Asker: 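To start, I am sharing the structure in question, which I have written as structure tokens.
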Amino acid sequence: MFTRGSSIDLGLNRAVESLLRSGDSEGILPIVQVGEPVLRQPTRRYNGQLSKNTLTKLIQAMRTTMLEAPGVGLAAPQIGLGIALAVVEDHIRDDQDDPREISEFPFHAIINPSYQPIGTETRSFYEGCLSFDGYQAVRKRWRNITARWQDVDGTWHEEQLHGWPARIFQHETDHLSGELYIDRAQIRSLATEENVEDYWCDDPVPIAAARELGFKLS
């Protein structure tokens, strides 16, 4: 439990409150773009450095910012915070033949997340990033993982994720170690979002069976 024996970092708490006030009238926060040092620095483990009220407001602001983007995940470094926290959420779209194996992924705030592959199967699809806005590239990831994280009370959770939810979790967790999806992408596949839609969506066998992303991973 974060509330037991944890010590609030007053300086960090004030900084987060200041960040929250910097949002627009709807609470949407600025998303930092590639080149900002915070995106390349490993985050600090969260051990209760924020008050419960500040943490709750931060998570809500991150969710609002993610959905407005629109995205299916957002990590704390993407709003300038070097703490091990991210939010994720995605829902089934109309296309039931989508090869990405999309399934319902209810809203989660994931704190201190980690993952381990289950088996050796991988899948390659286009990914985008809210901090590398306007572009996508094909990235190979584990098809199945065991995901672990803490919730806002510090309780540990473990869940086996498959397909697209597994990809989202990997993408956001990698952000917290200073990694961007482009670091291990097939760089020749890099394209603007418009060109992904114009040249790859309707191809029955496009690069690595990629399809239009629809939403960007953060």
Side-chain angles (χ1 to χ4, degrees), residues 2 12 15-16 19-20 23 27-34 36-50 52 54-91 102-117 127-133 139 141-142 145-184 213 215-218:
F2 294 133
L12 177 61
V16 172
L19 173 65
L20 294 173
I28 299 167
L29 303 173
I31 297 176
V32 302
Q33 294 298 305
V34 64
E36 290 279 354
V38 67
L39 293 174
R40 292 306 193 175
Q41 296 165 353
T43 56
R44 285 190 291 167
R45 186 176 186 81
Y46 184 77
N47 293 309
Q49 296 96 319
L50 302 177
K52 188 66 174 288
T54 299
L55 178 62
T56 299
K57 290 190 295 183
L58 173 61
I59 289 170
Q60 181 56 55
M62 289 177 66
R63 186 186 189 191
T64 299
T65 302
M66 171 187 71
L67 295 176
E68 176 65 21
V72 295
L74 185 72
Q78 295 182 273
I79 56 169
L81 291 177
I83 56 176
L85 164 68
V87 294
V88 294
E89 180 177 4
D90 196 21
H91 303 285
I102 292 174
S103 61
E104 282 294 310
F105 197 25
F107 176 75
H108 292 72
I110 54 174
I111 299 173
N112 302 322
S114 64
Y115 63 85
Q116 292 292 330
E127 285 187 25
C129 181
L130 298 177
S131 290
F132 188 36
D133 198 28
R139 169 68 189 264
R141 291 196 184 272
W142 301 111
I145 63 169
T146 298
R148 299 187 74 242
W149 72 94
Q150 288 173 282
D151 62 24
V152 294
D153 296 316
T155 302
W156 280 102
H157 298 265
E158 182 173 301
E159 184 177 348
Q160 292 187 1
L161 299 178
H162 170 79
W164 196 246
R167 178 174 291 267
I168 294 171
F169 195 96
Q170 291 172 76
H171 181 114
E172 299 308 326
T173 300
D174 288 351
H175 265 302
L176 303 181
S177 63
E179 180 179 322
L180 299 178
Y181 84 93
I182 197 69
D183 296 344
R184 303 189 188 189
L213 197 56
F215 287 90
K216 290 172 282 190
L217 291 170
S218 82

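Since this is a predicted model, take the numbers as computed values, not measurements.
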Asker: Please name the residue in the list Trp164, Trp142, Tyr115 that meets the side-chain contact (heavy atoms from CB on, under 4.5 Å) test with Phe169.
Answerer: Tyr115

Asker: Of Arg139, Arg40, Arg141, which is the lone residue that meets salt bridge (Lys or Arg N to Asp or Glu O under 4.0 Å) with Glu179?
Answerer: Arg139

Asker: Would you say the side-chain atoms of His162 pair up with the backbone N or O of Gln160, donor to acceptor, closer than 3.5 Å?
Answerer: no

Asker: Counting only heavy atoms not in Glu104, do more than 12 fall under 6.0 Å of its CD?
Answerer: yes

Asker: Backbone N or O of Gln78 within a donor-acceptor pair of the Ser131 side chain at under 3.5 Å?
Answerer: no

Asker: So does Arg63 get a backbone contact from the side chain of Glu89, meaning a donor-acceptor N/O pair under 3.5 Å?
Answerer: no

Asker: Do Asp174 and Tyr181 come close enough that some side-chain heavy atom pair is under 4.5 Å?
Answerer: no

Asker: Is it true that a side-chain atom of Glu172 and a backbone atom of Arg167 form a donor plus acceptor pair closer than 3.5 Å?
Answerer: no

Asker: Is there a donor-acceptor pair closer than 3.5 Å between any side-chain N or O of Asn112 and the backbone N or O of Tyr46?
Answerer: yes

Asker: Among Val72, Leu74, Leu58, find the residue that satisfies the side-chain contact (heavy atoms from CB on, under 4.5 Å) test when tested with Val87.
Answerer: Leu74

Asker: Taking side chain as C-beta onward, heavy atoms only, is Ile83 less than 4.5 Å from Leu12?
Answerer: yes

Asker: Do Gln60 side-chain atoms and Thr56 backbone N/O form a donor-acceptor pair below 3.5 Å?
Answerer: no

Asker: Crowded around Arg184 CZ? As in, over 12 foreign heavy atoms under 6.0 Å?
Answerer: no

Asker: Give a yes or no answer on whether the side chain of Asp153 reaches the backbone of Thr155 with a donor-acceptor pair at less than 3.5 Å.
Answerer: no

Asker: Side chains of Leu67 and Phe107: does their closest heavy-atom pair fall under 4.5 Å?
Answerer: no

